[in-house]
**Q** 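Here you go, one structure.
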Amino acid sequence: MRIKTLLTALLTIILTHCGFSPVYTSNQKPLNISKVEIIGDKTLAFELEKKLNFIKNEKSSDSYSFKAQIYDIAESSLVDSRGIATEEIIKLTVSYQFEDKNGIIIYQDAITKDKRVAVTDNIPNNVLVKSNEKKLLLDSIIQNILFKSKVSLN
């Protein structure tokens, strides 16, 4: 019993004093965006702008212009003996850039994510599944954009 207590106390001390501290939490200025331009699928463009949730401030001297393009492609990856696709790969690419007030590109990047999706004879179900998967891929891309913009622009 005494060994268990000693081991628990030792593990607690080691794990709570490991030296971890968050890297990007304090002294960060907010990212001001003066203009947002997104080209591509209207639904995905709306979701991208809504979920990025940038602070729009056109009067700030250190605001940026955000420009993005969204591409989505579906490719057949698996075909059955009848020649009908049973699986598709959905690829979603967002290429974006931040420009300063003078139009000089400060940071640019392109992020691509893909996902395999089963295809059935039920077309409305296929459309719904693909739409949901695109939104999930876009959420992942948005997290990358937010992280990279905070790191590279601050």
Side-chain angles (χ1 to χ4, degrees), residues 11-79 84-154:
L11 282 175
T12 304
I13 291 171
I14 290 172
L15 293 177
T16 58
H17 295 84
C18 65
F20 172 78
S21 63
V23 178
Y24 299 109
T25 56
S26 62
N27 299 330
Q28 286 191 17
K29 60 181 180 177
L31 188 63
N32 294 319
I33 300 296
S34 60
K35 183 170 62 170
V36 176
E37 293 178 25
I38 302 173
I39 300 170
D41 181 64
K42 291 180 182 180
T43 306
L44 294 175
F46 177 75
E47 287 290 320
L48 178 63
E49 185 172 359
K50 182 176 80 171
K51 290 183 179 178
L52 282 174
N53 198 20
F54 286 134
I55 298 170
K56 292 186 181 177
N57 187 357
E58 296 178 7
K59 297 177 182 176
S60 176
S61 62
D62 61 343
S63 63
Y64 300 99
S65 174
F66 178 79
K67 296 181 181 180
Q69 294 180 344
I70 300 176
Y71 305 101
D72 60 325
I73 301 170
E75 301 173 347
S76 297
S77 65
L78 198 61
V79 180
I84 298 172
T86 58
E87 193 174 83
E88 287 184 351
I89 299 175
I90 298 173
K91 290 185 181 180
L92 188 64
T93 302
V94 177
S95 59
Y96 64 97
Q97 64 186 22
F98 289 94
E99 296 177 355
D100 66 0
K101 287 276 193 187
N102 301 324
I104 298 171
I105 297 173
I106 303 299
Y107 182 75
Q108 67 181 6
D109 195 7
I111 301 171
T112 301
K113 301 279 183 178
D114 58 21
K115 175 82 177 189
R116 287 186 186 271
V117 177
V119 178
T120 63
D121 293 338
N122 188 350
I123 294 174
N125 185 41
N126 291 341
V127 172
L128 183 63
V129 167
K130 288 179 189 178
S131 175
N132 287 338
E133 290 299 331
K134 285 179 188 178
K135 287 182 181 181
L136 292 173
L137 291 172
L138 186 63
D139 287 345
S140 175
I141 290 172
I142 288 169
Q143 292 301 317
N144 286 338
I145 291 172
L146 291 173
F147 177 75
K148 289 180 177 183
S149 65
K150 286 181 182 179
V151 170
S152 59
L153 297 176
N154 282 332

**Q** Is there a side-chain contact between L48 and L138 (heavy atoms, below 4.5 Å)?
**A**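 The answer is yes, as the side chains (C-beta and beyond) meet within the 4.5 Å cut-off.
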**Q** Which distance, rounded to the nearest 0.5 Å, do you find between the CZ of F98 and the CG of D109?
**A**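 Between F98 CZ and D109 CG, I get 10.0 Å after rounding to 0.5 Å.
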**Q** What are the two closest heavy atoms between E47 and I142, and how far apart are they?
**A**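 Nearest heavy atoms, E47 then I142: O-CD1, 4.2 Å.
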**Q** Can you check side chain to side chain contact (heavy atoms under 4.5 Å, CB included) on Y96 and I70, steps first, answer last?
**A** CA-CA 9 Å; Y96 64 97; I70 300 176; over 6 Å; no
**Q** Output the distance between atom CD1 (I106) and atom CG (D100), rounded to the nearest 0.5 Å.
**A**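 It is 4.0 Å, given to the nearest 0.5 Å.
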**Q** For N122 versus P124, what's the shortest heavy-atom pair and its separation?
**A**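 The answer is OD1-CD, 3.1 Å.
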**Q** Could you state the interatomic distance from CZ (F66) to CD1 (I145), rounded to the nearest 0.5 Å?
**A**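 Atom-to-atom, F66:CZ and I145:CD1 are 5.0 Å apart.
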**Q** Which atom pairs, one a donor and one an acceptor, fall under 3.5 Å between side chains of residues 33-44 and the rest of the protein, sequence neighbours left out?
**A**
unit_1 : atom_1 : unit_2 : atom_2 : d
S34    : OG     : Y64    : O      : 3.3
K35    : NZ     : E37    : OE2    : 3.2
D41    : OD2    : L44    : N      : 3.1

**Q** So, for A68 and V94, which heavy atoms are closest and what is the spacing to 0.1 Å?
**A**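 Heavy atoms only, the tightest pair is CB-CG1, 4.4 Å.
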**Q** Give me the atom names and distance for the closest heavy-atom approach of I90 to L137.
**A**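 For I90 versus L137, the nearest heavy atoms are O-CD1, 3.9 Å.
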**Q** For S131, check side chain to side chain contact (heavy atoms under 4.5 Å, CB included) against everything at least two apart and list the hits.
**A**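 Side chain to side chain contact (heavy atoms under 4.5 Å, CB included) list for S131, sorted by chain: K135.
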**Q** If you measure from the Lys or Arg side-chain nitrogens to the Asp or Glu carboxylate oxygens, is any gap between K130 and E133 under 4.0 Å?
**A**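 Not counted as a salt bridge, because no side-chain N and carboxylate O are separated by less than 4.0 Å.
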**Q** Pair up each side-chain donor or acceptor in residues 112-119 with any protein partner under 3.5 Å, not counting sequence neighbours, and list the distances.
**A**
unit_1 : atom_1 : unit_2 : atom_2 : d
T112   : OG1    : T93    : OG1    : 3.0
R116   : NH1    : S77    : OG     : 3.2
R116   : NH1    : E87    : OE1    : 3.2

**Q** Rounded to the nearest 0.5 Å, what's the gap from CG on N102 to OG on S65? Could you check?
**A**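 Answer for the CG-OG pair, N102 versus S65, is 12.0 Å.
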**Q** From N126 CG over to T120 OG1, what is the distance, rounded to the nearest 0.5 angstrom?
**A**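 One gets 4.0 Å once the value is rounded to the nearest 0.5 Å.
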**Q** Does K91 NZ have over 12 foreign heavy atoms under 6.0 Å away?
**A**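 Atom NZ in K91 is not crowded, with 12 or fewer foreign heavy atoms closer than 6.0 Å.
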**Q** Assess whether atom CZ of F46 is packed by more than 12 heavy atoms of other residues, nucleotides or ligands within 6.0 Å.
**A**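 It does not: F46 CZ has 12 such atoms or fewer within range.
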